[in-house]
Amino acid sequence: MIYNTIFAKSFSRYEQKKLGYGAFVGFLLIVLSLCIFKPYLGPIYDLNIKLSIGVDTKLLMVNDTSGSLKIAEDDRIVPKNPVNATRISHLSDDRIAPKNPVNATRISPQMAKVADNATKTLINDTSISPPKAEVEKLETRKVEQEQPLCVSEARTEYCQTQGDIRVHGKSSSVYIVSRKTNSLAENVSWIIRPYARKSDAYTMSSVTKWSVKTVKPTHQVSQCTKYHSIPAVIFSTAGYTGNHFHEFSDIVIPLFLTCRQFNGQVQLIITDKKSWWISKHQAFLKKLSNYEIIDIDRDDELHCFPKVIIGLKRYHKELSIDPQKYSYSIKDFRDFLRSSYSLKRVSAIKIRDIGNQSKKPRLLILSRKTSRSFTNTNQIAKMAKGLGFRVIVMEAGRNMRSIANVVNSCDVLMGVHGAGLTNILFLPQNAIFIQVVPFGGMQVEWLATNDFARPSEDMNIKYLEYKIRLDESTLIQQYPLDHMIIKDPSSIEKQGWEAFRSVYFDKQNVRLDVNRFRPTLQKALELLHQ
């Protein structure tokens, strides 16, 4: 205050008045300059690109050196400083050894918040449908989504979009139409191959690439020709379809994880369509969606949806679901299958009196026509009948309803390691699963463990394993004892998966030593008494 007084006394009254006018005019000039020359106060966009090591199919940034990309990386966020849009291709084969891909993602705090909100909106457990009023309330609160939430995990990549979403099949394109889209975002697109085995370069090369791009309402995209009021999921039936194991591990279970939340109110869109595959899994598909599947590849219509998921969610372990991550379990999936195929038995029998004919357990021997087949099936069946089993011999085929009903009617299933063992999914609870492991060293044993042994633990199925000896393999009839195929299977493994498979899986059959195998069936009977 004292400084103000001294300052006032150093000027005359006229000079003080003149100084006040000058200050007022200066203030007006500053305000005027701000109105005419507006500074840019918007967000500063930075380029965010996912780089992955040890995987082969990546999210691809196209024609861009700046922008803003939202990618949720399987609960891991690792800072990166990419310069240009990059696709890293790393050939790998997840049938040889387990992979631990290290993925790097950069997400700003603002983007992480948006991604989190989008995830909460898209991923809801709707096993109980919300009231219509709640759904309408949610729709009215929907905000235009500038960019997709793209997720990269160990075995899959997928993008979730919502808002004004337009799908054009002929060009394999998904457009996110938003007035908020800026010129930077318009130069960014994401490439997704919608099949859930991304680390296998060979099979992913057969999957159609889909581009996901943000655009303004007046630019680059035509008006809708078909309107849909429900979400859509785009998936491929390329890859390893035709292999029963891969059909479930790569498509059927991922479809359940991705679509079950919609409680039937979801449109399935198929790319790389195989009509026989749809026919084979028709019961499951009809249970999953209330609508006819759209074959999109040659479709020139512009389909508009409020929400689209491109690609499928998938847990990285085979034939498995992590209930903590997905809100569903493999038990939920098995219950869904049982309902899809109207299977009657929930639990295997408990044997009280083995002499009671009505209580005889049913044993299913899964046979194979070509490789890894039992060469003495009749001997095995005769021995099993002597122990008190009712024996059924059947080969797994494409008639899913038939195989599902037969498997569900049995208490014990046995077979040599192979895709047909995937049918354990139809076994009743507390049933016994016996996997016969062919000769082939540690690699064969690793596959047997990870493909079927470990997954069966979560299915409430009791697992038994029988590893054959060399004298039970037909390989001993094809190669001398000093051959590397007999002496050192690991040396064949080093030649690659194709070389290994061609010997130990394609050229090998099994002649079980029934006396050596008998204790395994006796153990199965003991477990059915518990």
Side-chain angles (χ1 to χ4, degrees), residues 55-57 74 92-99 101 153-158 193-204 206-207 233 235-260 268 270 272 274 277-278 280-281 284-285 288 311-323 325-326 328-337 340 366 396 398 400 403-404 407 413 415 417-427 433 435 443-444 446-459 461 463 497 501 505:
V55 293
D56 65 289
T57 306
D74 195 23
S92 62
D93 193 335
D94 59 6
R95 306 300 297 159
I96 286 295
K99 298 296 179 184
E153 297 176 341
R155 288 291 182 91
T156 190
E157 289 174 340
Y158 59 92
R193 294 181 190 259
Y195 182 79
R197 191 168 284 269
K198 73 174 189 180
S199 58
D200 192 318
Y202 171 77
T203 194
M204 293 303 290
S206 68
V207 181
V233 172
F235 70 101
S236 171
T237 53
Y240 287 122
T241 48
N243 179 292
H244 196 58
F245 170 81
H246 283 287
E247 288 176 26
F248 273 86
S249 199
D250 302 350
I251 304 178
V252 175
I253 294 177
L255 266 176
F256 171 81
L257 279 179
T258 309
C259 300
R260 186 67 185 100
L268 299 180
I270 194 167
D272 308 312
K274 290 181 174 61
W277 186 91
I278 296 175
K280 177 180 176 180
H281 297 282
F284 167 78
L285 296 171
L288 194 65
L312 300 176
K313 301 175 183 178
R314 183 198 161 156
Y315 188 44
H316 66 275
K317 295 181 180 179
E318 307 289 7
L319 301 180
S320 302
I321 297 174
D322 181 356
K325 182 174 183 177
Y326 297 106
Y328 298 105
S329 66
I330 197 66
K331 179 184 181 300
D332 296 325
F333 175 71
R334 293 204 332 122
D335 289 343
F336 189 84
L337 280 183
S340 300
L366 275 181
R398 286 188 179 179
M400 290 299 300
I403 189 67
V407 172
L413 181 151
H417 174 81
L421 297 186
T422 308
N423 292 305
I424 61 173
L425 287 163
F426 300 112
L427 281 172
F433 165 41
Q435 179 174 204
Q443 178 61 36
V444 172
W446 183 88
L447 289 170
T449 299
N450 288 278
D451 288 354
F452 298 112
R454 287 179 180 167
S456 68
E457 296 173 1
D458 296 328
M459 297 180 193
I461 294 172
Y463 177 75
W497 167 247
R501 185 190 68 179
F505 290 107

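- With D332 contributing its side chain and S329 its backbone, the two residues share a donor-acceptor pair below 3.5 Å.
- Every residue meeting the side chain to side chain contact (heavy atoms under 4.5 Å, CB included) condition with N450, not counting sequence neighbours, appears here in chain and number order: W446, R454.
- To the nearest 0.5 angstrom, T422 atom OG1 is 9.5 Å from E318 atom CD.
- Among all heavy-atom pairs drawn from A396 and I403, the shortest one is CA-CD1, 4.1 Å.
- Checked by atom type, the side-chain pair E457/Y463 shows no donor-acceptor distance below 3.5 Å.
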Check the pair Y326 / F256 against side chain to side chain contact (heavy atoms under 4.5 Å, CB included), numbers first and verdict last. CA-CA 11 Å; Y326 297 106; F256 171 81; over 6 Å; no
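- Residues S456 and I424 share a closest heavy-atom pair of CB-CD1, 4.2 Å.
- Between the side chain of T156 and the main chain of L312, a donor-acceptor pair closer than 3.5 Å is present.
- Minimum heavy-atom separation, S236 to D272: OG-OD2, 2.6 Å.
- Counting heavy atoms from C-beta on, the side chains of W277 and L285 come closer than 4.5 Å.
- A distance of 7.5 Å separates CG in L425 from CG in N423, rounded to the nearest 0.5 Å.
- Listed for the Q435 side chain is no donor-acceptor partner under 3.5 Å among the backbone atoms of F452.
- Listed for the S206 side chain is no donor-acceptor partner under 3.5 Å among the backbone atoms of M204.
- In this structure, the side chains of K317 and D322 stay at 4.5 Å or more apart for every pair of heavy atoms.
- Remark: K274 engages no residue in a salt bridge (charged side-chain N to carboxylate O under 4.0 Å, His left out) (not counting sequence neighbours).
- Residues F333 and F248 are in side-chain contact: their nearest non-hydrogen atoms beyond the backbone lie under 4.5 Å apart.
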Go through the steps to decide whether E153 and Y315 satisfy the test side chain to side chain contact (heavy atoms under 4.5 Å, CB included), and finish with yes or no. CA-CA 8 Å; E153 297 176 341; Y315 188 44; over 6 Å; no
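- Contact check for I330 versus I253: side-chain heavy atoms found under the 4.5 Å cut-off.
- Note: L421 CG to L366 CG = 6.5 Å, rounded to the nearest 0.5 Å.
- The distance from the CZ atom of F505 to the CD atom of Q443 is 7.5 Å, given to the nearest 0.5 Å.
- With hydrogens and angles left out, the side-chain atoms of R314 and S249 include a donor and acceptor closer than 3.5 Å.
- The heavy-atom pair separating G311 from V233 by the smallest distance is O-CG1, 4.2 Å.
- Side-chain rings of F245 and Y240 stay apart, their centers remaining 6.0 Å or farther from each other.
- Partners of K280 by salt bridge (charged side-chain N to carboxylate O under 4.0 Å, His left out), not counting sequence neighbours, listed by chain and number: E247.
- Within the model, atoms CG of L413 and CG of L427 stand 5.0 Å from one another, a figure rounded to the nearest 0.5 Å.
- At a threshold of 4.5 Å between non-hydrogen side-chain atoms, the residues T203 and D250 do not count as touching.
- Residues P323 and I321 share a closest heavy-atom pair of CD-O, 3.2 Å.
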Side chain to side chain contact (heavy atoms under 4.5 Å, CB included) for Y328 and F336? Distances and angles first, verdict last. CA-CA 11 Å; Y328 298 105; F336 189 84; over 6 Å; no
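- Using a 4.5 Å heavy-atom cutoff, the side chains of L288 and H281 are not in contact.
- At distances below 3.5 Å, at least one donor-acceptor pair connects side-chain atoms of T258 with backbone N or O atoms of K313.
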Would K198 and R155 count as a side chain to side chain contact (heavy atoms under 4.5 Å, CB included) here? Give the steps. CA-CA 5 Å; K198 73 174 189 180; R155 288 291 182 91; 5.6 Å; no
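- One distance of note links CD1 of I278 with CD1 of I270; it measures 4.0 Å at 0.5 Å rounding.
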